[in-house]
Amino acid sequence: MSAPLANYANEIYLQGLGDVVPAFTTDTSRLEESARSVMEPGPFWYVAGGAGSGATVRANREAFDRWRLVPRMLRDATNRSLATTVLGTSIPAPVLLGPVGVQSIIHPDGELATARAAAEVGLPMVMSTASSYSIEDVAAASGDGARWFQLYWPNDPDVCASFLRRAEAAGFTTLVVTLDTWLLGWRPRDLDQSYLPFIRGTGLAVYFSDPVFRAGLDKPPEDDLMAALLRWLPMFTGTDKSWDDLAFLREHWSGPIVLKGIQHADDARRAADAGMDGIVVSNHGGRQVDGAIASLDALPAIAEAVGDRLTVLFDSGVRTGADVLKALALGADAVLIGRPYAYGLAHGGQDGVRHVLRSLLADLDLAMALSGHRSVEELTTESLARG
Ligand SMILES: Cc1cc2nc3c(=O)[nH]c(=O)nc-3n(C[C@H](O)[C@H](O)[C@H](O)COP(=O)(O)O)c2cc1C
């Protein structure tokens with residue numbers, strides 16, 4: 001049996017004997033604050049900012065605070081395991097790295113550093129369509145690590161099919177289709193600084209390296225960025241697809257398909273009816289619809305509606321081990337983390353991401369042990385009380 005995830009705490013304390021302290025905080029709920037001191041304002045607010053007034057960013061966190069874990073004693077939690085299998089991917093804990101685009105604005109190694117750290121820790125990485133490195137380069141960095149591919153569904157079906165072909169060939173096993181971002185939300189933090197990485201060609205490596213995308217250009221993006229941007233823009237935004245269109249993805253992807261951005265039980269039922277394999281209950285970290293409900297508040301009804309038909313993943317607001325336990329208790333099979341690992345990347349590239357992941361997993365393992373749970377299946381609404 002592998003060492004408990006909680007052992008990261010012992011490692012840190014032992015290093016203290018040599019006067020070594022962690023490079024940055026182990027408190028994964030305080031990473032935004034510490035990242036602010038190491039990031040430029042443009043990238044910092046691109047990551048931290050939300051839609052409009054930020055009401056949904058705040059709501060995502062407040063929803064976690066309204067639930068409390070109820071610790072139980074003498075339950076033999078010494079022998080515990082967080083290991084699980086999600087859509088055929090075995091993982092040491094029910095945590096995945098959610099898709100975060102344009103990571104080169106956070107650290108020059110961007111998605112490559114994230115892929116390496118995820119593989120080291122054994123967690124799957126969900127690579128974004130809006131990555132700063134190509135599908136093939138991220139796959140190479142991920143090596144033997146588990147990897148899923150997130151699709152911003154291009155309006156050009158040939159380009160879409162090409163992305164899916166490349167992702168499958170590069171060893172990405174599950175497709176995560178993001179439905180909530182067919183337009184970018186109103187993001188005052190970025191608007192006030194006129195900051196959008198894409199219009200400088202950053203975060204478009206998946207497109208710019210694509211043979212079908214390139215075939216539609218007179219000159220390659222390296223020689224004529226503006227023409228490449230003009231081809232990219234209408235492809236990326238502006239068209240809200242319909243449920244019937246999902247058949248196209250099924251035709252072009254042989255593995256599991258997950259719909260990301262579900263917040264209503266009826267949409268979750270439709271996903272199941274459409275033959276999808278899973279959903280991510282997510283509001284994109286409050287970056288799209290200001291004033292939308294907290295993602296955690298949407299979770300119980302959705303899990304109740306489709307938990308027996310679909311894999312239910314969750315994101316938006318997960319910061320600590322206790323947060324993971326709460327989401328699992330409310331019906332999630334696993335969670336995606338977003339901003340916390342992005343802040344780790346800002347602090348120290350691959351090492352920074354690894355530190356955040358190991359901190360979160362150790363915190364999660366300890367929270368599970370000390371609250372008297374031995375496996376993820378034991379987490380139910382019985383494990384919680386209203387705070
Ligand atoms: C900087 C940034 C970039 C993101 N890029 C993407 C993306 O390319 N594709 C996607 O589906 N979601 C993207 N997301 C949303 C995340 O996958 C996830 O839903 C969100 O971060 C969850 O909220 P949290 O980080 O506050 O927990 C992004 C989020 C952030 C913060």
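FYI, side chains are in, hydrogens and waters are out, and symmetry mates aren't considered; it's all heavy atoms of this structure. All figures in this text were calculated on a predicted structure; none of them were measured in a lab. Counting convention: from 1, in listed order, for ligands and their atoms alike.
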Colleague: Can you name the one residue among H355, R116, E120 that meets side chain to side chain donor-acceptor pair (under 3.5 Å) with Q350?
Modeller: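 Exactly one candidate clears the test, E120.
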Colleague: Which atom pairs, one a donor and one an acceptor, fall under 3.5 Å between side chains of residues 247-257 and the rest of the protein, sequence neighbours left out?
Modeller:
| residue | atom | partner | partner atom | Å |
| --- | --- | --- | --- | --- |
| R250 | NH1 | G255 | O | 3.2 |
| R250 | NH2 | G275 | O | 2.7 |
| R250 | NH2 | D277 | OD2 | 2.8 |
| H252 | ND1 | F248 | O | 2.9 |
| W253 | NE1 | P256 | O | 3.2 |
| S254 | OG | E168 | OE2 | 2.8 |

Colleague: Identify each donor-acceptor pair in which a side-chain atom of residues 198-221 lies under 3.5 Å from a protein atom, sequence neighbours left out, and give them as a table.
Modeller:
| residue | atom | partner | partner atom | Å |
| --- | --- | --- | --- | --- |
| S209 | OG | R166 | NH2 | 2.7 |
| S209 | OG | A205 | O | 2.6 |
| S209 | OG | V206 | O | 3.3 |
| D210 | OD1 | S162 | OG | 2.8 |
| D210 | OD1 | R166 | NH1 | 3.0 |
| D210 | OD2 | S162 | OG | 3.1 |
| D210 | OD2 | V212 | N | 2.9 |
| D210 | OD2 | F213 | N | 3.0 |
| R214 | NH1 | F208 | O | 2.6 |
| R214 | NH1 | E222 | OE2 | 3.1 |
| R214 | NH2 | E222 | OE1 | 2.9 |

Colleague: Return yes if some donor-acceptor pair links the side-chain N/O of H373 with the main-chain N/O of S375 below 3.5 Å, else return no.
Modeller: no
Colleague: Side chains of S132 and Q103: do they bring a donor and an acceptor to under 3.5 Å?
Modeller: no
Colleague: Heavy atoms under 4.0 Å from ligand 1: which residues qualify?
Modeller: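 Within the 4.0 Å shell of ligand 1, which is judged on heavy atoms, sit Y46, V47, P99, V100, G101, S128, Q150, Y152, T178, K260, S282, H284, G285, R287, D315, S316, G317, V318, R319, G338, R339.
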Colleague: When the side chains of residues 32-47 are checked against the rest of the protein, which donor-acceptor pairs come out under 3.5 Å, sequence neighbours left out?
Modeller:
| residue | atom | partner | partner atom | Å |
| --- | --- | --- | --- | --- |
| S34 | OG | L31 | O | 3.3 |
| S34 | OG | H347 | NE2 | 2.9 |
| S37 | OG | S34 | O | 2.7 |

